[in-house]
There are 2 protein chains.
Amino acid sequence: MRAIGEAAGVLSGSLYHHFDSKEAMVDELLATYFEALLGRYNEIIEAGRPPLETFREMVYVAFDTIEQHRAATRTLQNEGRYFAALPRFAYLKDRERTIEELWIGIIKSGKASGAIRSNLDPRTVYRFARDGIWVAARWYKPTGKLTHRDLADQFLTILLAGIAAPTTE
Amino acid sequence: MRAIGEAAGVLSGSLYHHFDSKEAMVDELLATYFEALLGRYNEIIEAGRPPLETFREMVYVAFDTIEQHRAATRTLQNEGRYFAALPRFAYLKDRERTIEELWIGIIKSGKASGAIRSNLDPRTVYRFARDGIWVAARWYKPTGKLTHRDLADQFLTILLAGIAAPTTE
DNA sequence: GTCTATAATTTGATAGAC
DNA sequence: GTCTATCAAATTATAGAC
């Protein structure tokens, strides 16, 4: 709390005028992140475009939202397990399940339309997509030459087409 | 330290007979992990098999080593950034760079031999491969039906061939 | 090699003046 | 809305008995 106060330009005691506890600060941070992410996912899905296009847009939104909510994603990555175990943060599991269902729905549509390979398990595809996006947030520095859009494109290239040359078995 | 002592069946004070500090415990944990991982990577590379076979074996070894060193990988994931900043743990960056060079060497060989698509940046391929493996360790439970070998196979399937159906585009 | 007891610091939080 | 001053608990580490 002392460090947070210093970053905010006040002493630690002053923070308690704005937040009941340290947990309350984390709560607002994480709730805001999930609200933003889910809102944008729903927008995209409601547009009703073809599955692979929707999938692509969702990847863009994920990278973009992670960039805009770095404190929340860093907290989730480093201490998500700890907070998720607290009663106050029970909603985290709900949010994550909702997000998983949105992705899996799109992946299933993709399989049904023939856009996504039929031999893949939707949940596994979701997990590897989510993980690849998620961990990129660890090393991605917005100050570099690579925008989050570039990063998303590289990721999508590999995820959609794989790394093996088509001529190779 | 009290929790560690409890897990070890002794009181916290007794731990200092075996380790100089809490940091020293983490140090041994992480050093052992990197020694094991690098040793196995080198074995595989020295076998001199074709790039894609070597790549595949390295993925297997990565999943296997993560499973065998769960405390080390969990520590690295949750607090790697903190420890890496301490002088005592300066070697972590060296180890990670060495590992990156091993992977990138194999990926470049794969591109040269035509086994890996020529339009991919080796460093980007490395990062997404590493990240996918790395994060799978977060949700993979060795008690489930899925062995780490199964997990590695699913990961390799997606990474090598992508998720898009060949007939599309 | 483990225990008891305790030192020294850090940390989340509070009360009340301004 | 911020500050001063402080509390209470937690945490890493140490000294010395057994």
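A note on names: the letters A, B, ... follow the listed sequences, proteins ahead of strands, and every chain is numbered from 1.
Counting to the nearest Å, the C1' atom of C/dT14 and the NE2 atom of A/H17 are 15 Å from each other.
Of the candidates C/dT2, D/dA13, D/dG1, D/dG1 carries the atom nearest the A/H18 side chain, counting heavy atoms from C-beta on. In the set D/dG1, C/dG1, C/dG12, the nucleotide with an atom closest to the side chain of A/Y16 is C/dG12. Nearest nucleotide to the A/L11 side chain, out of C/dA13, D/dC3, C/dG1: D/dC3. The A/S14 side chain lies nearest to D/dT2 when the options are C/dA13, D/dT2, D/dT14.
Note on A/E6 versus A/R2: no salt bridge recorded, every NZ/NE/NH1/NH2 to OD/OE distance being 4.0 Å or above. Using a cut-off of 4.0 Å between Lys/Arg side-chain N and Asp/Glu carboxylate O, B/R127 and B/E100 are scored as not salt-bridged. With salt bridges taken as basic N to acidic carboxylate O contacts below 4.0 Å, none links A/D150 and A/K145.
Cation-pi geometry between B/R149 and B/F63 is not met at under 6.0 angstrom from the ring centre and within 45 degrees of the axis.
Contacts between residues 24-31 of chain A and DNA chain D, counted as heavy-atom distances below 4.0 Å, involve no residue at all.
Mapping A/G13 and B/E23 onto DNA chain D by nearest heavy atom places A/G13 closer to the 5' end of the strand.
In this structure, A/S109 contributes its side chain and A/P51 its backbone to no donor-acceptor pair below 3.5 Å. Side-chain atoms of B/K111 do not come within 3.5 Å of backbone N or O of B/I116 as any donor-acceptor pair.
Within the 4.5 Å cutoff, no side-chain heavy atoms of B/Y33 are placed close to those of B/R70.
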Under 3.5 Å, N/O pairs linking protein and nucleotides 9-11 of chain D:
none

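Screening B/I107, B/L120, B/T124, B/L156 for a side-chain contact (heavy atoms from CB on, under 4.5 Å) with A/I163, the sole residue that qualifies is B/L120.
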